[in-house]
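For reference, the structure discussed in these notes is given below.
What you are looking at is a predicted structure, and each value in this text was computed from that prediction instead of being measured. Below, read A as the first sequence line, B as the second, and so on, with proteins coming before strands; counting in each chain starts at 1.
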Number of protein chains: 2
Amino acid sequence: MKFEAVTIKDIAKALGLSTSTVSRALRDSYEISPETKKLVLEYAEKINYHPNPIALSLKERRSRSIGVIVSEIANSFFSQAIDGIESIAYNNGYNVIISQTRESQEREQINLNYLTSRSVDGLIISVSAETSDFSFIKDIISRGMPVVFFDRVVPDIDTHKVVVDNYRGAFDATRHLLESGYRRIAAVTNSETLSITQDRMAGYRAALAEEGIAEEPGYIRSCPHGGLVLAEVNTAVEGLLAMETKPDAILALSDKLTTGCLRILKNKGLQVPRDMGLIGFSNSDLTELIDPPLSIIKQPALEMGEVAMNSLLQLLNSKQPVTEFNTHKLAPQLIIRTSSVRA
Amino acid sequence: MKFEAVTIKDIAKALGLSTSTVSRALRDSYEISPETKKLVLEYAEKINYHPNPIALSLKERRSRSIGVIVSEIANSFFSQAIDGIESIAYNNGYNVIISQTRESQEREQINLNYLTSRSVDGLIISVSAETSDFSFIKDIISRGMPVVFFDRVVPDIDTHKVVVDNYRGAFDATRHLLESGYRRIAAVTNSETLSITQDRMAGYRAALAEEGIAEEPGYIRSCPHGGLVLAEVNTAVEGLLAMETKPDAILALSDKLTTGCLRILKNKGLQVPRDMGLIGFSNSDLTELIDPPLSIIKQPALEMGEVAMNSLLQLLNSKQPVTEFNTHKLAPQLIIRTSSVRA
DNA sequence: ATCGTTGCCGGGAACGATTGCGTAAATAAA
DNA sequence: TTTATTTACGCAATCGTTCCCGGCAACGAT
């Protein structure tokens, strides 16, 4: 079945006018007499005419749609960010096409290829955990595609970026753990190639160093798929628990890792925060209801989406190539609850 | 900045061929000699040619993209469903354009208008809570637009639908509450115009009736925005608690209502499940970590999204107009934990 | 009476691709 | 040699719009 649309030709034929005249009348051109305009407008209204956006896209060489690439839609952080992106896009007449990579480099590549060849006007990307080769992204940017990174950025690609102050988030959380009396603080991390992982780890290390605590390599466990596969988290936590001097607290460096760690600790019968302190990045709005109420570092996901879309709009609307790029660094929110406070 | 693309014309000019020949060579037509094909293919590869999908869309009158309309992206149920939709769409070469209504009829209308006029090939819709006039949707369907409803459907519109067995979900949950010893069971509901609300309420009533319990109208409180505004939930719960014979358990009929109710009960210092039993629909994957572990009715959201997209594909791929429509009714999953079980 | 203006509108190319039809050359059949 | 057939390609229309040109009245000015 096809959705039959009425075209400008139908109007022209019905009214005995040329398509040019109808087009001009609809666009309220000064070259058309008021009577003709009225005639056309009324008839167009009557038969429910809407200009074919595809024809327009072809003519204007832009589609008024943008692509968003994330690893997983069903993740609080990303869905909140997409919410923000969609809101701003909606207000500016842009459609949002989403696609997910599931942390796979291959899918990222395919999606990127697909979206750019489908003529999106711009892209908002949070790179996949698996991706190590960014030449493709670099390439499409150099060919003139407006791109903004959010959350997981690529440091050596020059374009607008929107991130949270990951260093500070991890630093503050670690310091909080230290102030709570924890000393042997482990970090369960996402893929180490990710910018966010590196920044957060830097904050973690800095906080430890400040306190004069030597870094214990065994306390750092990475989950390449960032909690997407729970088995990885399980291995990480078990590894930690099997050490001769176990850590007394865990800093989890991403959404799914935080709740994943808690899940596993509970399964193993450990008491949080007594046996093991826990704090982590999370954007779930249920963390306060959890047992124990989770201390978290929260990212302003909605706002990040909004800022990202606004940055993209700036690129889209600029006449000459943009050469000055900025990275918006938003403040994370440290919310101390029970899971990180020793009774 | 514009993304400069290479066209078939560039190839034709460079190779001294006509565009038709190039087009045919690229499509591997039998009319083209192997040598010419090889020439064209190699050159196309070299200059990184990709057919312009917009031009194709114009010609073929289809865009290979579908629209998804939900009330809110950042909602576990919907984001999981979108995940499913996107997966199937991806495998079939379709792009997914999402837009949210935030439960507003006006935004639903605008989005619908926008998406159809932007030539999506089909739509997957979960109607907004506010919407009472479905003539517009009816209209676009009658004009030939393939549409499938999911979750919140419109009973008197004939097209493919994907729902969960809401009646059974609510029925089983209510019966479970009864079996746990609760007698005065309240229902906190979403907008009453919603199909899901009606079905779930029917299940609730049937379970009560089966037990010979008369329905108490004061025990039914509706939140027109389904938990999107917490104040509504607050009013509902407070109303319940202010009654002379308070209910002893609450059945919450949607995602945000379930956690919303718990939040408010906790705020008021009530003990769940001792002072008040609680069970509700929810798709959060954190409910087991909550204090108390929440009993929930869970919808197979991912699967619903997949089934919805597959149904839409069936409509999209059928040559003649489809007249036989089916509604897939998937089984909800009742997960009993602590919040609904009296100690 | 002629020349510019102005107002109003139509013809047709263009955006990038596909495709039905026509046709020249080469080959096969008569 | 003539005719038929095949091979391999080009022309031009098409999808729905926009927009550059150009044209034709009518009108005022000279």
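For dC9(C), neither phosphate oxygen OP1 nor OP2 lies less than 4.0 angstrom from any side-chain nitrogen or oxygen of Ser18(A). For the OP1/OP2 pair of dC9(D) and a distance below 4.0 Å, the side-chain nitrogens and oxygens of Thr36(B) include at least one atom meeting the criterion. OP1 and OP2 of dC9(D) both lie 4.0 Å or more from every side-chain N or O belonging to Tyr30(B). Regarding contacts with the backbone of dC15(C), a side-chain N or O of Lys9(B) is found under 4.0 angstrom from either OP1 or OP2. The phosphate of dT14(D) has neither OP1 nor OP2 within less than 4.0 Å of any side-chain N or O from Arg61(B).
In this structure, the side chain of Asp151(A) does not engage the main chain of Val162(A) through any donor-acceptor pair within 3.5 Å.
Looking at Leu312(A) and His160(A), their side chains never come closer than 4.5 Å, going by heavy atoms from C-beta outward. Here the side chains of Asn113(B) and His50(A) are in contact, with some heavy-atom distance below 4.5 Å.
Look at CD1 on Ile32(B): it is 10 Å from C1' on dG10(D), rounded to the nearest Å. Atom CG of Leu56(B) and atom P of dT14(D) are 19 Å apart (whole Å). Look at NZ on Lys38(A): it is 16 Å from P on dC8(C), rounded to the nearest Å. Between the C1' atom of dA17(C) and the CZ atom of Arg62(B) lies a distance of 15 Å, rounded to the nearest Å. Distance Glu31(B) CD to dT23(C) P: 15 Å, rounded to the nearest Å. Regarding Glu35(B), its CD atom lies at a distance of 11 Å from the C1' atom of dT7(D), rounded to whole Å. For the pair Ile8(B) CD1 and dA12(D) C1', the interatomic distance rounds to 15 Å; values are reported in whole Å. The nearest whole Å value for the distance from the CZ atom in Arg27(A) to the P atom in dG16(D) is 17 Å.
Ser57(A) comes within 4.0 angstrom of nothing in the nucleic acid, heavy atoms only. Heavy atoms of Leu58(A) sit under 4.0 angstrom from at least one base atom. Residue Ile54(A) is classed as having no contact, given no heavy-atom separation below 4.0 Å to the nucleic acid. Heavy atoms of Thr7(A) sit under 4.0 angstrom from primed sugar atoms or phosphate atoms, though from no base atom.
Closest to the side chain of Ala55(A), from the set dA17(C), dG16(D), dG22(C), is dG16(D). Across dC8(C), dT18(C), dA8(D), the shortest atom-to-atom separation from the side chain of Ser33(B) is found for dA8(D). Between dC9(C), dC9(D), dG16(D), one nucleotide has an atom nearer to the side chain of Lys59(A) than all others, and that is dG16(D).
The distance from the OG1 atom of Thr101(A) to the CD atom of Glu130(A) is 8.5 Å, given to the nearest 0.5 Å. Taken from CG in Asn111(A) to OH in Tyr90(B), the straight-line distance is 5.0 Å, to the nearest 0.5 Å.
Minimum interatomic distance between Val6(A) and Tyr49(A) (heavy atoms only, all atoms of both residues): O-CD1, 3.3 Å.
Donor-acceptor pairing under 3.5 Å, judged by distance alone, is present between the side chain of Ser20(A) and the base of dG11(C). With hydrogens and angles ignored, a donor-acceptor pair under 3.5 angstrom links the side chain of Arg24(B) to the base of dG20(C).
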